[in-house]
Structure formats: structure tokens, C-alpha cells
**Student:** 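The structure is given below, and queries will be raised subsequently.
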Amino acid sequence: MRTRRIVHAAIAFLAATALAACSTGTDSSASPSAAPAAADAGITIGIDLPLTGASAAPAENMRKGFELRAKEINDAGGVNGTPIVLDIQDDAGDPTTGVALVDRFAQSNAVAIVGTYNSPVVLAQSEAVARAQIPQLVFAISSAITRQNNPWVFQTGPTDLGQIDGIVEWLKSRGLTKPAILTDTTAFGSGAKPVLEQGLTEGGLTPVLSDTFAVDAADLSAVLLKAKQSGADHVIAWTVGQPYATLAKGAQQVGLGLPIIGTASAADPAVARLAGDAADNLFFQDSVNREKPQVKEVVERWSAHFGGTVPSDALVAHDMLTVITDGLRAVGPDRAKLRDFLETYRNDTLLTGRIDGVWQYTPQNHVGLVGGNLVWKQYDKGTIKVVDGS
Amino acid sequence: MNQLIYFVIIGLGIGAVYALAGLGVVTLFTGSGLANFAQGDLMVLGALVAVSVTSAGHGYVAGLLAAVAVVAVAGVLLGALFTLPMRHRRMDVDVVIIGTLGVATTMTTLAGIWWGRQPQRLDSPLAGVFVPVGEMRVPAHYVLLLVGAAVVFGLVRWFHRRTDIGLQLRAVASSVPAARDAGVRIGRMLVVAWTIAALVGGVAGVLVASVLPIAPESALPLGVNGFAAAIIGGLANPAGAVLGGLVVGLAETLAGGYLNDTVRQSVAPLVLLVVLVLRPGGLLGRARGARTV
Amino acid sequence: MTTIAPAAPARRDVSPARHWRWTQPGLLLTGGALVLLIDPGPFDLRVITLVVAYAVAATGFNVLVGFAGIVSIGNSVFLAAGGYAWALLATSYGPLVALLAGVVLAAVIAALAGVLLLRLRAYYFAVATLALGTLGTVVVRNWTAVTNGDAGITNVGYIKVFGLSGVPSIFVAAVVLLALVSFLQEALRTSPVGQAMIIGRYDPPAAEGIGVSVAYTRVVAFVLSAVTAALGGALIAQLAGGAFPDQFATTSAISLLVIPIIAGRGWRWAPLVGAAIVIALPEYLRFLAEYRLVVYGAAVVLVALFLPGGVHQVVRAVAERLGRSRG
Amino acid sequence: MAERRPAGTLVGRGLSVSFGPLTAVDGVDIEIGPGECVGVIGPNGAGKSTLLNLLSGAVPADRGSVRLLRGSTEVRLDRAAARVRARHGIARLFQTARLVPDWSARENVELGVRTAGPAAWLEALGLPTSKRRAAHRARAAEEALARVGLVERAGFRSAELSLGQQRLVELARILVADARILLLDEPFAGLSRSAREVVAGLVAQLRDEGVGILLVEHDLSQIRKLADRLVVMDHGRVLAAGPVEETLADPEVVKRYIGDVELEIGGALEEPAAPAPQPVAEQRSGPPMLQVRDLRVFYGPVAAVDGVSFDVAAGEGLGLVGPNGAGKSTILRGVAGLLRASGDVELAEQPLGSLATPDRYRRGLAFVPQTLTAVVDLTVEENLRLSWLTGTRADRFAEALDRVGELFPEVLDRRSEQAGALSGGQRQMLAIGRALMASPRTVLLDEPTAGLAPGLVPIFADALARLRATGVAVVVVEHNLGLVRAACTHVLGLQAGRPVWHGPTERFDAAVAHEVFLGAQPDTTQEEQVHS
């Protein structure tokens, strides 16, 4: 008897809850977060990277970049005498984890979040970042992030849009008019696919083919053969790092004989290592000009510290930390002040960008490097050389 | 026409990759009734060892031998680990699955810590050699892959059919009680089975590493593809694994070549589901499905 | 008629008639209230909520593995069904519609797949479901018209209860859902349907011998696992602030599989305890940096191999030890 | 036809089924009327349990019909699955109790209560109304348990119940399901006397309430007590049927049931090919090849065999005889190290106690398991090689193979076929051949002639004789006394895991046999002992 009454009660309660639940909240009610004081231990900066999972490889490069830069800064006495502490965390490329990490950084006294790498994760984090009111500087290049206009989120750039502008202009200068678009099936590629198609069409270059490919495929010659037969006069391939090697080898196999235009991440050392001279006439606009004196210094420190050549990812990471610490020097460890400062930030001595390239934020523009800032490069006999006209 | 030939050769090459992965799975299953979801990690282990040995300046063969040696040790350890509890009780399927999945997680992460997460490629002994098909060229390594798959298959088959150890392994796989009655040392045979499977995985990994850039994270897809191949062919039959692998590889390549990549991605799971719905035991399998020891 | 001397000393009655079905929901709701009172930091609350969400999702899986003894590695599909249904419908049609739609979608997929695949033997079914999961991911990735592909669907809102906002609101909703499904789980276990599942897993011939259709109970169990997975998927989507393919990939299916097994198949607390281990443990192992997954993986292996009963086995042993020491 | 029989009669006509080459049940007609108890007896492998499976639907019949009469109409069940027949009130009891160990007795009984689909679902949703239904189920279960006298055990995990109690719980499950036809497969196997009484009483009650019962049983005293009619089966056929006493009196039946086929054996042994077991006399003096002292063999915690001792010298043969459940096979498995055992086992003065099975085989012990346990996926030759590998390897493989060849040429002719393809007799030959491959010093055989055509028996007697002639000590578990007489120098009679008679074969006459097989079994508290 008693049992039954309880059951009734439980059901009634559940029903009530169900009714109460008859609304879907969409607010991101701002709960002002206390600005963390500079702990004597140091100023904590939250680093969010997909250290495991599909994007683990570039993430590892970036981690090294961050560590190198942090070491440099602290060796030089830290920020206004206070050392910086990196709280490096793995989001495994999973949005749910990424969002949880935002709260984690907010809860610990991180002054800012640097990263992450995958656009979906950043998009998912946006709401939490706004609610936690903690500035975030992300590497993800999707223009979808830009469109969110989140006052707390800053992008390194160049975004896909920025790169596409550069590509269109460069293609025109070369008289190439019939692109075949190949995008990978990760968030990176499929996010860019529509942007590419639109951007190129608007630029007067109507794609003759737009197909996708898997980054973990052993062989991509099939899709390249399609590109070859599509009557395109060049191929635009949108992916990250290593797959460019697979593409290059595939092109060699099917005797593609067309220039392949890639993203900045085609500069990944893995490409030369894996593809060798098959990578010849793979063109891409790098965000880094290795002729820059600052870059040369870092390259030396890198080879002393880790050995080998510096991946561009690592140099970008290096810059990202520089931007944040510049901000901390200027306004101290205060999330809100840091955000406001970043909107006024301008720097032309960073590693990324052309010799005279400028990294600049404004309240309207949260993308550091815009398209024009990039350097056109080409693989040649397994090494990267700058293409004339950059 | 040339194009079709080209796709077929490439497809068979890719298929050989799956077949090699599947052979490892089948070898263990036929020897112990266990399905190993960490097979991909054994392959990755072999590949990465070979890469570090060769990049240290030693030859391809040295790399292969080193890989085989290391992976064999791993196999013995895993075998011991998984045989201990089986002395006392039979192992449920779910226990085997999450047990091996746990091994996979551990191995992937450790590999990431030791070798870093950058994808590695092993220079093929046939690097730069191509088989011309019309104006297209197929890397000779694809042929090597096929030959490798055939050789591994042959060796496994020979070992199972012609050797006394193989005979006892088959007895265990067929019926543990009957084998025990016959005086077969079950525990020892299980360890042997794991070791053989690991060896297959090691060799497979080395061969595959020349066409597929290998990173620790490659383990899961490799293992899963291997499983697909093995199941499609019928888990208990090495020939089935080869057949299944080639079928999937061909289907994928042709789908990617003549249709589009979305289809290519869905081909493997589709083939698997269709085959299982039509033939629950796999292409070459008898109706007998999983066996728990 | 003479009776036979007992083989064992009299023990407490183990039959479920003595289990108060509502104790577990009651405890869950109270626990939830306590958590809100303690008011942990945003990160902790989010992790706890995620644990509860996965517990909801895993309850049906606990039925699948624990009652019917079926292993599926494809339940990420049902998570996705729930998650995307929420993402697409919640803001425009309200939470109930969104939840319901996800549940129905998942149930239909599960019924079809179950009828086609459940005749397969264990490993074959496991891998078939794995393929199902992969297929699901491919569809979600490429059906951009609906799912917006990899970029995913953002700004999906969350379920708003008792005028709460943000994660606390999701948390309350999750706890209530968990209480509900836990109640149903227990009701099922003691009902003819659940008992048929268990005997069907334990001894198919005997089950058929007393008129149970084993095939039917297996499909039912699979559908139930899909239903709670859909609910959990909806909660996860709310927590992530969106639905994305990577979120419902194979790894999540594996988590669902590990949860009940590591905690103890069929145990009524298994979903919550297992979720705490699978979801929270790695989060709080972060101090181990890169080694955390090594530790986690090793833990799973050891439990699987040497503690087949999972946490429940330990709990039971301790309980019996205490019982003996008392009387 | 059908009209004359009362409603509720289960009628099987011309039931036949074969497993591979072996025809387990061959054209059997059987009828079970309401309130009637039909006893079925017959030697091992006669097809009794298979017949039961055909009636319950667990095994589909190759040929024949199963019908349930309903007054003027009838229900054809030929193609009906087990669960359908169960819903028609045909209940079946397995040889070993099939309960869910973690469940209380009550839960296990509740399973029997039929609940309509929708009602079951309402309950699964935990709606308040379902409480009533659950209570009703529980009450029904309690009542049933009360009837079997287990009401105060209702809350026990069934794993905690004794075997007898588990059997009673199963019967209670059948009570709540109110089955009309009851198929019992050796319900008394391994129960204590008191338990047997309870079960028997219950069966009698059910019968008197109008339940039709098919009782497969070895224990003739129970058959006499319960059965109205008796069906004697042999080699899948009905050997004799009719009122219990007449049928039991039938000399042919007695001979078959006790399995005394002396004459045929005698005939076989007179053939010149087979040397009579002469060497025995000389080797009688020899030291014991196999020495067993105070052997106790355990299933889990319980000793299934208690305090058995015997010696077998080289060239001697010991026959272990006794009714089902006497623990004969258990002894062999204990000696072979396949079951946990205490006591001393010595092979040629070497203690085996501490050794694992493979090491015992290495030292010259060979074990021929009961029929059909060859590794069916392997070919005949592979099976033989397997045994050679794990044996002493005293001879080369080829030699051993030849030895088997001269004994069982027809097996070696099929050396490249899968063992699964062999007929029952050939598999048994293969089994013995495997023992020979090991070049053993002692061979343990478990029912080498179970389910074989009588014509084959002499061949095996001959084989055993030759084996002993080569100085091998033989221990054979056998129902067929003819074979025992022909092939063994000594006989050890067992009941309920204890030795009841031990002596030279000459003294093992019909009277002793009758006592050992049909005599009242001693009571024992170890009811679990026949988990086997």
C-alpha cells in the first residue's frame, strides 16, 4: 500500500518535472567570474590541445612550440617578474571534453585559454567561454568561428576565407581558371568545402570537380585520377599535414602533372619526409617566412631543444603565447582587461606572416593574420623554397 | 580499361593491407577462440620498431627482424596475461572485447609517448620502382604487399596444417574439453596462439608501413579493418580473412574511383553488414560463430 | 510430505519482492539535491552532469549486457540519434518533442538492426554493430543538409527545469531522467519480461522449454538499450552545446560498453558507478598527464580479466564479510 | 484412431532423428495419456533422452508426427518450437537442474507463471497496478513451493539449495505452469533417498491429478512405483512395451537392460583371430601397474566418489560396473587428473597425485573418454597423431599407426576424413585407437560400447583382450556385462560413489549383477555427487 503511494508520488513528481521542463533555454547568462589574482606560483595559462586522437600529430607540434616559448619567457624573467605556468590539457578532439576543459580552466585560475585546434570543439566551447568570461586564442581556422563574433574568442588566422582570397589572387596571376577541389573528411576539410566552392566561384573560378578524401587512406590516386580527367588545370587540396604526402604520391602515380595548391599546413615536415620528391609542384601559402631573422633564432633554439626542423604549427603556437604574454605585460593577469587589450593588439615582429606582415586585432576583427600576409612556397626536390612574387 | 586495371591493382594492394590485419585476428581466433581488438596495435608496434631501426641506419631486413622479435615478446606477454584467468573459468565475449580494447588503449598511448604521434613511413625496399599501367604507375610495393599477404597466409596455413603445434592449436580451437581429454596443454597452446598472432601482426605492420603512414592512432582503424576482413571471410578461416580483405579493398577503391568518397567510406561497413545478413557465418565460415573458451 | 534438510544456513531473502523499487530513484534524487546544495565548481558540476548523462545512456546497455547478455559496439548510433534529434528540434519544438523524437528514431533503428543481426553469434554481432556505428558516423558526416557535417550543429539550447539555467538545469534534468530509467530498470528486472531476458541469456534451451521466445527478448533488450542511449545522447549534446560527429564516434560506444561491465553486469547501480569510473576517472587522472590513458586502459584490462564481476563483485564480497562478522 | 483416446493425450508417431551417421531415434511410436505415467528404460545411448527432446521440441524430428489430442480435434506440433509446445502445456525436466543460480527459489518458480504480453509489459513499466500481479505471481510460487515442501526456502538463492531441492524447485515451476504433459529425464539421478521419495510422491500426485507423465529412468524401483506402462528402448527402437511387470519379466529385456550379451562375446572369442586373455595368469603375480588407494573425487566441494581403492597389474583388466550415477566415469577422470581428487594414485610405483593430466599421459596413462569426444574438426589421422603427441611416444608414429591399423582397419581406411564423419562404432574404435597411439602402460576406457550395435561388442572385447595381452593394464567402465566378463579379470561394483562388490570376474555371477544394478541403493547425504 505504502509502496504504491510512493510510486504514485514519484510518477507525479516526474510528470511535474516534465511539465516544468517544457522550455528550451538558449541563454548564456553572464555570471561574472572573479579575475584571478597573480598567484606567487605564477600566472596560469590554460593550453587546450587534441593531444590524443586524430589530430594528435599537429597538436604535438604545437605543444612543443608552447613549451619552447614558455621556457624562453621564464628564462627571461617571466612576465613582469612573475613566471608563467602552462596548464596543458588534452581534449582528444571531442567537443564535450573541450567544453568541460573551458570550465576547468575557468575554475582553476587560468588567465586565458590558448587553443584548441579543431573547429568543432572551438564552436562548441564558444558558449561556455562567453559565460565564463575568459579570453580564448584559438588556432582553428574555420571562418564559422569568425562568424560567431564571440567577443572573448580570438583567432590566429589566416582563416580559410583569408587563405582563399590569397589563393584566388595567386591563381589569377598565374592564369589558372579551372580548379578541382579536394577536401578531406575531417572537420577541417568538410568545414572549408562550402567556403572554398563559394569563394572560388565568386572569384570567377568555377570548380570543375569537388570531391572529398579520407586522411587515413593508404592511397588517394583514385580521387586524383578523377581530378585529372575532370579537365581541371590545377587541384586545390584542403587538409592538414601528412595527407599532402599521400596526395603527392598519388599524383605521381597517376601522372597528374597539375599544380596542387594546399593550405599552410602543407609545410609540415612530415610531407617532405613521407613523400620525398613526389611532393614537387605542391604549392601552398605558408604563414611563416623562414628568412625572417626572428624565425631563424627560434629555429636555432628549436634544433637545440628538440632537434629537427620546426613545423609551422609550432611557430604559430610560439606566436600565440607571445601575444598572450604581451597582453599580460601590458594589463596584468586580468581576464577582462586582457580581452580588451587584445582588441587593440598590433604586432609586426611575430614569426608568422611576411617580413612586413602585421598581426592585428580590432573590436571588429578577431583574426590576427589576414590573407595577404602569407608567403607562397613550393616543394622542390623534397625541400621547401619560396615562390617568386611573395 | 587501363584505369580499371589500375584501380584493381591498387584495390588488391589496399585489400592486402586489410587481409594482413585480418590474418592476425584469425590466427588468434583459430588458436584460442579469442578475438583480439588490439591486433592493430601489434601492427603499429611492429611498424614503429622497424622505422626506428631502419632510420638508425640499419637495413630493411634488420628492421623487419627487430620488429618481429619485439612483437613476439609482446605476444608472449599478452598471451600469458590472457591465459591466466582462463585456467579457472571460460571467458565471456564481452570480457574478451573490453579486455583487448583496454590493451589497445594502453598500447596506443604508450606508443604515442615513446615514438611521438607524428606519422612514420617505412621506405620500401622497392621504393621508386613502379609498374606502368598505361600512363599511370603503380608502386611496386603494392605487389610486394600482395606477395607478403600470400606468404604470411601460406605460412600460417602450413603451420596449422603441417606442424604438431598447429595440430594441437586446432584441437584447442575446435573443442577445449576434447583437447584437454586428449592431454593437450591448453594454457601453453593459448600462449603460442597469441605469439603466432603477434608475429603475423608484426610482419603485417612492417609491410603496411611502406604504403600507409603509421602513427599510434592508426591502430584502431587498422584493427577494425582487419576485423571487418576477418568477419566477412568467416572468423575461423585464414583464407576467409584474405578473401574478405581483398573484397573490401577492391570495393573501396572502385567505389572511390568511379563513384565518390562518401560511398567509399560506407563500402566496408555495408559489405560487412550485407554479408552477415546473408551469410551469418561469413563468406567461408560455417554457421559456427563465436566460441568462448 | 517430508521436506529436505537445507544445504545452507538460512540467509536473508534475496528475491526482489523485498527490494523497494523506489529506494534507488529516491536516493538518486536526494543525491542530486545534495550536489546542488554543495554547489561544486562549474568544471566539477559539468563532469558530474556528464557522468549522470552517461549513466542514463548506459542503463539500457546494462539491461542489454547484464540481462540479455548481448554485446554491442555500435550504440554510438543511438547516442547520435538522440543528440541530433535534440539539436534539430529542441529550440523550435521544445524539449519533450526533441527527446521523444530521438527515442523513437533510435528505437526504430534498433528494432530493424536487431531483427536483422541478432541471430548472429557474439563476436559477429559485436563487429556488425561496430559497422553499424561506423556507418552512422559516415551518414552524420556527409548528410550535411541535415547534420551540417563535421561543423556540427551549435546553439542547441538545453532543457530548462525549475527556472534553473545553464549546467545546473541540465544536471537536474539528467538526475530526474536517471531516476526514471533506474526505476524502470528495476521494474523490468522483476517483471516477466526482464526475467525472460535473464533466463534466455543464462540457458536458452531451458528458456524455450518454459515458453520464452529468446529471439524476441533479445530484440527487446536491444531496443531498450537504444532508447536510453538516445536520452543520454540528448543530454550530452546539451552539455557540449551542440551535436558533432566526433562526439558520437566509436569511442563513445566503447565507453557505453565498458561502463556496465567494469561496474558489474546487471547490477542496478552499474550505470552510475561505471559512468563515474569511465567518465570521471580519466578527468581526475589528468594530473598523470600523458600517462592517464595508460593507467585507465590497464585498469580496464585488469578488471576485465581478474574481476569479472566488476565493482559489484567487490561490493558484494565486502557486504557478505560484514554480514558474517555481524551474525 | 484419435477419437478413442482421451483428450490431452500426446501422441508421437514414427519419430526418427539422426545425428550425422548415427540414428539416435528410429521410428518410435509413443502415447502419453492424461493421468498416465509411461516409464522409459534402456541402456545408455538407447535414445531415451533424444526421444524426450523430440517430444518437447528441443530437437526437430527428421520424420514422424507429434500431436496433442483435444477431444475431437487435435493440435499438430511436428514443426512447433519448444516454446510453442510449452505453451500447449508440455513441460520438460532436464537431467540436471536448470535454474538461474543467483535467483531465489521463488523467482525461479515465478518464471513458470504464464503472463500475457501486455500485462507483462505493464508490469515492466512498474505501474502501481502491476504490484497486484507480482504479488499474485509470488503467491502462486509460494503455494507451489509449499506443495513441494520448500516454502521456507523460498527466499534462498537457488545456488544455495541442494541438488534435490533444486529438482523440487523445477517441479514447483511446472506446478505453477500447470503443465498437462510432463517429460522427466532421470528426475531421481543423484538424489538422496529422502529426496527421491519427495520427488516420487510429487510425480505420483501429478499423475493422479491427471497430468500425463513420461518418465525416463534407470532406477527400476521408481519405475515399478510410478509407471503404468513401460517402454524399453534399445538402439533408438522400441524393444518392448506393455504393463510394467510383464515387460520387466521379459528375459530379452532383462538381458538387454543389464546388457548381458555373453553368448555373442563367447562366439567372438572362439574365433582364432582373437587370442583368449591367457597372459593374465602369468602376470597375476606382477606388481600393480596402477594402484589406487582411498580415492575421493570432487565436483566443487563435494566428493562424488568416496574411498575407492583397487590395484590393476600389467595385463589385468578391471571392470567398473554399477547403475548410472554410481561414479564410475568420475573415478576414471579422477585417476586421469581431469577432476580434483585426493588419495594415492600410483602408476608403476610412480605417484601421479601431484601431476597434471598431460604429465600423467606422458608417463603412460591413457584415457578413452566416453563416446564422441574425438576432436570432430580434425581428421582421423590427426586425432591419432594428437594422442601420439601427448602420449609416451615409446614407439614411432608409423609403428603405432600400424598397430591401430591391424586392430581397426576400417578406421585407418578413413584416416583422411574428419572424425565427425565416422559412425558411432568407428568413433569408438578411433577413441581406443587413440589410446593405443599413446603406447600406454595403463588404459582407462569410459563405456567403450555405449550405444553400439551388439554385433560390434565382440570387436571391442577382442581389442581389449589384445591390449592386455601386450602387458597393458586396462580399467574399463562398462554397462555391457558381456564385455566385462570377456575382457576383465576383476570387477568392481559401485553404487553412489562407494564400492559395493570387488572380486575376480568368475565370481561376478547373475545374482551379484542383479544386486549391484537393481538392488536398493544405499542412502547418502552427498546428493550433489551426480553433477556429472
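Lettering of chains follows the sequences in order, A, B, ..., and the numbering in each one begins at 1. What you see is a predicted model, and the numbers here were worked out from it, not measured in a lab.
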**Student:** Chain D: which of C:Ala196, C:Ala187, C:Pro192, C:Gly194 shares the most heavy-atom pairs with it under 4.5 Å?
**Tutor:**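 Heavy-atom pair counts peak at C:Pro192.
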**Student:** What part of D:Arg85 lies closer than 4.5 angstrom to a heavy atom of chain C: side chain, backbone, both or neither?
**Tutor:** neither
**Student:** Which one of D:Val84, D:Leu125, D:Val113 has the most heavy-atom pairs closer than 4.5 Å to chain C?
**Tutor:** D:Leu125
**Student:** Report yes or no: do C:Gln195 and C:Arg189 form a side-chain donor-acceptor pair below 3.5 Å?
**Tutor:**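 There is no such pair (donor and acceptor under 3.5 Å, judged by atom type) between the side chains of C:Gln195 and C:Arg189.
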**Student:** With a 4.0 Å cut-off, would you call D:Arg153 and D:Glu142 a salt bridge?
**Tutor:** no
**Student:** Let me know if D:Arg133 has heavy atoms under 4.5 Å from chain C in its side chain, its backbone, both or neither.
**Tutor:** neither
**Student:** Checking side-chain polar atoms at under 3.5 Å, does C:Arg268 have a donor or acceptor matched by the opposite partner on C:Asn62?
**Tutor:**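 C:Arg268 vs C:Asn62: no donor-acceptor pair found between side chains.
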**Student:** Just one of D:Leu215, D:Val199, D:Leu171, D:Val203 clears the side-chain contact (heavy atoms from CB on, under 4.5 Å) bar with D:Leu93, so which one?
**Tutor:**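 It is D:Leu171, the one option of D:Leu215, D:Val199, D:Leu171, D:Val203 that forms the side-chain contact (heavy atoms from CB on, under 4.5 Å) with D:Leu93.
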**Student:** Which word best sums up how the rings of C:Phe222 and C:Phe125 line up, parallel for under 30°, tilted for 30 to 60°, or perpendicular for over 60°?
**Tutor:**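 Correct class here is perpendicular.
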**Student:** Based on non-hydrogen pairs under 4.5 Å, which of C:Ile198, C:Val220, C:Leu184 is most in contact with chain D?
**Tutor:** C:Ile198
**Student:** In terms of heavy-atom pairs under 4.5 Å, which option from D:Ala91, D:Ala58, D:Ala134, D:Pro101 contacts chain C the most?
**Tutor:**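 The candidate making the most pairs under 4.5 Å is D:Pro101.
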**Student:** Measure distances from D:Ala177 to the heavy atoms of chain C and classify the residue's part below 4.5 Å as side chain, backbone, both or neither.
**Tutor:** neither
**Student:** Need one label for D:Leu99: side chain, backbone, both or neither, based on atoms under 4.5 Å from any heavy atom in chain C.
**Tutor:**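 Contact with chain C is through the backbone of D:Leu99 alone.
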**Student:** Taking all atoms of both residues into account, what is the closest heavy-atom pair of C:Gly264 and C:His312, and its distance?
**Tutor:** CA-CB, 4.0 Å
